[in-house]
Amino acid sequence: MTRILTGIQPSGELHIGNYFGAIKPMLEYQNDPNNEMFFFIADLHALTSLKNPAKFREYSKNAILDWLALGLDPAKSLFYRQSDVPAHTELFWYLLCLTPLGMLERAHSFKDKKAKGLDTNAGLFTYPMLMAADILLYSADKVPVGKDQKQHVEMSRDIAQKFNHTFGETFVLPEPDIQKNVQTIPGLDGQKMSKSYGNTIPIFADEKTLKKKIMSVKTESKSLGEPLNPDTCNVFAFHKLFENPNLAELREKYLTGKIGYGDSKKQLFELVWDYFAEARARRENFAGNWDEMEKIMQNGAKKAREISRAKLDEVREKVGVGLLV
Ligand code: ADP
Ligand code: TRP
């Protein structure tokens, strides 16, 4: 059995970077009975950037709805909210007390956010260790993430090793699992697609918004009839990602100047719209049925609390806290 775990922050609408980097691989793993699956909503992580309770609730609810719509099956995967499981924040503290500041200072994600002038609080700075707690509590072997999170998973591994070395063998060392041919999906402006950069293509945007977003994917300026280079074109890269069945033909049209970016984008819109049609229908079925969804989350939380509590008890004993005799 392989334990596979991933979390996603409910910090905005899910986008196609999330889908190809994290969601799709998890859905594929879910169908293999040799895998034990853990999916969670990393809502405590989202607090590092979100300070609006109404938005926070809305995003958390939508994240749950979106994952169920996209095919997460609670009968096959343990699905829970991080904030429902107190062991995460307690283990976070034990890990922080072993963490050299330099390790956190080297985190690319923190450095990028700081360089972009985003709110840098201590939560954001220490967040790789909360992520380590998320992973280590469940003895996850494999953690599917986008390339941007690889370093964080490596930090989880390093801190697990340090803990094992200091207090004795306790944690399984997790491996980041990066989709080889997906890597980092570019956003509308060509840099990494990310909610924090406002350059996303949301999975469940309405038709008009989706079209507008896709039409605004950044391309070189070329006049109509000029040949285009499919290998450097973001729009073409998306056609590939969405498995356009006529890719070879489209490539030919690019090379011979028989298609402009505008047309290529229109075709891409159709492709993306159809790609998520089934998920959209499931989402409509679920929407508004919050009682049922809350029940799913409570069930998941109960099991997650049991598993994580057992690990935390072991950790407490190793560290030496809370014992009179
Ligand atoms: P965001 O950067 O939009 O805030 P998150 O940090 O919540 O996204 O990412 C959730 C998951 O989706 C992570 O596993 C992350 O690696 C993956 N992911 C996010 N953006 C991309 C991207 N542009 N390409 C590939 N994977 C991504
Ligand atoms: N930090 C991850 C992100 O922003 C989300 C996350 C939190 C996560 N805890 C995790 C991903 C544990 C994998 C495993 O994308």
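Basis for what follows: all heavy atoms, side chains included, without hydrogens, waters or symmetry-related copies. We count ligands from 1, going down the list as the structure has it; atoms in each ligand are counted the same way.
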Query raised in the report: Is there side-chain contact between Lys147 and Lys192, with at least one heavy-atom pair below 4.5 Å?
Result: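 Answer no - side chains too far apart.
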
Can you confirm, on distance only, whether ligand 1 has an N/O atom lying under 3.5 Å from any N/O atom belonging to [X]?
{"X": "Val145", "result": "no"}
{"X": "His15", "result": "yes"}
{"X": "Thr184", "result": "no"}
{"X": "Gly7", "result": "no"}
{"X": "Pro144", "result": "no"}

Requested in this report: Answer with yes or no whether the side chains of Asn35 and Lys76 bring together a donor and an acceptor at under 3.5 Å.
Outcome: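 Lys76 vs Asn35: no donor-acceptor pair found between side chains.
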
Query - Ligand-side contact atoms (ligand 1) for residue partner Asp148, heavy atom cut-off under 4.0 Å - result: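 Close to Asp148: 15 (C), 16 (O).
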
Query raised in the report: Quick one: does NZ or CZ of Lys116 land under 6.0 Å from the six-membered ring centre of Tyr197, within 45 degrees of the ring axis?
Result: yes

Query raised in the report: Any heavy atom of His45 sitting closer than 4.0 Å to ligand 1?
Result: no

Query - Minimum heavy-atom distance between Ile159 and Leu95, given as atom pair plus value - result: CD1-O, 4.0 Å

Report task. Please determine if Gln149 has a nitrogen or oxygen closer than 3.5 Å to a nitrogen or oxygen of ligand 2. Result -> yes

Query raised in the report: Would you say Thr6 and ligand 2 have an N/O pair spaced under 3.5 Å apart?
Result: no

Query raised in the report: Which of these, Lys195, His88, His45, has its nearest heavy atom closest to atom 7 (C) of ligand 2?
Result: His45

Query raised in the report: Of Asp134, Val143, Ile135, which has the heavy atom at the shortest distance from atom 9 (N) of ligand 2?
Result: Asp134

Query raised in the report: Backbone, side chain, both or neither: what part of Asp148 comes under 4.0 angstrom of ligand 2, heavy atoms only?
Result: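 Contact part for Asp148 vs ligand 2: neither.
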
Query raised in the report: Between Tyr138 and His88, is the gap from one ring center to the other below 6.0 Å?
Result: yes

